[in-house]
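Structure, as structure tokens:
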Amino acid sequence: MRIDIAVFDGVDEMDAIGPFEVFRNAEQAGADVHAQLVSLTAVPQVIGSHGLHFTPHAAYSPGADVLLSPGGGWNDRNDVGAWGEAQRGDWLEHIRAAKDAGATLTGVCTGVMVLATAGVIGSRRATTHHGAWDELAATGADLVRERVVDDGDLITCGGVTSGLDLALWLIEREFSAALADDIATEMEWPRTRPAS
């Protein structure tokens, strides 16, 4: 299973790096999963919302089984971060194409708002950072005020650290609860699963 994590200037570091670490731990444990950080085009570095400089693994190309949309900066309305990416629209066509190709779409924090802007949530069940709940509901989404919401090929979660719970849930759903629990124990993270 290939998991692409979209990154861009202004991305919240924890939104991207937290799930990435969960997925890489699953890969190291033997699961057939490979996560990578992908930028829209080849860039030498991305600067996160808190100033972390890091290098994406690759430029985005179609074909991932899972596409993860992280947030960062949405509520600040800056040119960088999730808000800026949604306004420019460059990622939106790739998100729609990934959905059409059958990828599971996942959104962390206000990265969910990028998915909503792309039109791939519609009236489905979803959540986001509490600071954007009203905006998500205004898009027509069925807002669920939970930490992680699983709606089949759309999995969303609340703010920042809930990306760890989303990633652990995806590992449980696609591989096993035992593997996800082992990773959570290693990371010393108290898991939250989606409400039924």
Side-chain angles (χ1 to χ4, degrees), residues 1-28 31-74 76-121 126 128-129 132 153-157 159-160 162-164 166-171 174-175:
M1 176 169 55
R2 184 179 119 200
I3 302 175
D4 283 353
I5 300 172
V7 294
F8 41 81
D9 285 341
V11 68
D12 186 281
E13 292 91 340
M14 179 66 83
D15 285 6
I17 304 301
F20 173 77
E21 184 167 333
V22 170
F23 298 139
R24 283 293 177 99
N25 280 334
E27 181 179 14
Q28 290 172 355
D32 183 17
V33 59
H34 179 72
Q36 59 181 358
L37 304 175
V38 297
S39 53
L40 194 56
T41 58
V43 295
Q45 73 174 2
V46 166
I47 303 173
S49 63
H50 296 93
L52 178 67
H53 294 231
F54 58 96
T55 303
H57 297 102
Y60 177 76
S61 64
D65 302 293
V66 176
L67 179 60
L68 187 146
S69 175
W74 183 270
D76 299 331
R77 300 301 200 254
N78 292 327
D79 288 340
V80 296
W83 169 259
E85 294 300 324
Q87 297 310 299
R88 279 186 292 284
D90 297 331
W91 270 107
L92 306 185
E93 63 187 88
H94 297 295
I95 291 168
R96 289 189 287 265
K99 177 186 183 295
D100 291 345
T104 295
L105 300 179
T106 60
V108 176
C109 193
T110 56
V112 176
M113 295 306 302
V114 178
L115 298 179
T117 303
V120 298
I121 295 180
T128 187
H129 185 278
D153 61 356
L154 174 69
I155 307 173
T156 58
C157 67
V160 194
S162 61
L164 294 168
L166 181 150
L168 288 163
W169 172 247
L170 186 63
I171 294 300
E174 299 300 321
F175 298 99

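The side-chain hydrogen bond (donor to acceptor under 3.5 Å, both in side chains) check on Asp153 picks up Arg124, with sequence neighbours excluded. In this structure, the side chain to side chain contact (heavy atoms under 4.5 Å, CB included) partners of Ala6, at least two apart in sequence or on a different chain, are Pro70, Trp91. A search for side chain to side chain contact (heavy atoms under 4.5 Å, CB included) contacts involving Val80 returns Asp9, Asn78, not counting sequence neighbours. Shown here are the side chain to side chain contact (heavy atoms under 4.5 Å, CB included) partners of Ser69, two or more places apart in sequence or in another chain: Val114, Leu115. The side-chain hydrogen bond (donor to acceptor under 3.5 Å, both in side chains) check on Trp169 picks up Asp150, with sequence neighbours excluded. Under the rule for a ring-ring contact (aromatic ring centres under 6.0 Å, His included), the partners of His57 that lie at least two apart in sequence or sit in another chain are Phe20. For Cys109, the side chain to side chain contact (heavy atoms under 4.5 Å, CB included) partners at least two apart in sequence or on another chain are Asp15, His129, Val160.
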Report task. Assess whether side-chain contact (heavy atoms from CB on, under 4.5 Å) is satisfied between Leu164 and Val22, documenting all intermediate values. Result -> CA-CA 7 Å; Leu164 294 168; Val22 170; 3.9 Å; yes
Report task. Mind running side-chain contact (heavy atoms from CB on, under 4.5 Å) on Thr128 and Trp74 for me, showing each step along the way? Result -> CA-CA 11 Å; Thr128 187; Trp74 183 270; over 6 Å; no
Query raised in the report: After noting the C-alpha distance and the side-chain angles of Trp83 and Thr110, does the key distance pass the side-chain contact (heavy atoms from CB on, under 4.5 Å) rule?
Result: CA-CA 9 Å; Trp83 169 259; Thr110 56; over 6 Å; no
Query raised in the report: Yes or no on side-chain contact (heavy atoms from CB on, under 4.5 Å) for Val46 and Phe8, after CA distance, side-chain angles and deciding distance?
Result: CA-CA 6 Å; Val46 166; Phe8 41 81; 5.5 Å; no
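The CZ atom of Phe23 sits 6.0 Å away from atom CD1 of Ile5, with the distance rounded to the nearest 0.5 Å. Residue Asp32 holds its CG atom at 8.0 Å from CE of Met1, rounded to the nearest 0.5 Å. Remark: Cys157 SG to Leu168 CG distance equals 11.0 Å, nearest 0.5 Å. Taking CG of Leu166 as the start and OG1 of Thr156 as the end, the distance is 7.5 Å to the nearest 0.5 Å. Rounded to the nearest 0.5 angstrom, Glu21 CD and Gln28 CD are separated by 9.0 Å. Note that CD1 of Ile3 and CG of Leu170 are 5.5 Å apart. Values are rounded to the nearest 0.5 Å.
Taking both residues in full, the closest heavy atoms of Gly48 and Phe54 are given as N-CE2, 4.4 Å, listed atom of the first, atom of the second, then distance. Of all non-hydrogen atoms in Ala86 and Leu92, the two that sit nearest each other are O-CD1, 3.7 Å.
The environment of Asp79 atom CG is sparse: at most 12 non-hydrogen atoms of other residues, nucleotides or ligands sit within 6.0 angstrom.
Within the structure, every pair that satisfies the side chain to side chain donor-acceptor pair (under 3.5 Å) test and touches residues 42-55, not counting sequence neighbours, is listed here: Glu13-Ser49, Glu13-His50, Gln45-His53. Note on residues 94-116: no pairs pass salt bridge (Lys or Arg N to Asp or Glu O under 4.0 Å), not counting sequence neighbours. Pairs of residues two or more places apart, or lying in two chains, that qualify as ring-ring contact (aromatic ring centres under 6.0 Å, His included) and include a residue from residues 92-117 are Tyr60-His94.
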Tabulate below the donor-acceptor pairs under 3.5 Å that side-chain atoms of residues 61-68 make, not counting sequence neighbours, or state none.
{"unit_1": "Asp65", "atom_1": "OD2", "unit_2": "Arg2", "atom_2": "N", "d": "2.7"}

Report all side-chain donor-acceptor pairs from residues 33-43 shorter than 3.5 Å, counting only partners two or more places apart or in another chain.
{"unit_1": "His34", "atom_1": "ND1", "unit_2": "Glu27", "atom_2": "OE1", "d": "3.3"}
{"unit_1": "His34", "atom_1": "ND1", "unit_2": "Glu27", "atom_2": "OE2", "d": "3.2"}
{"unit_1": "Gln36", "atom_1": "NE2", "unit_2": "Asp4", "atom_2": "OD1", "d": "2.9"}
{"unit_1": "Ser39", "atom_1": "OG", "unit_2": "Thr41", "atom_2": "O", "d": "2.6"}

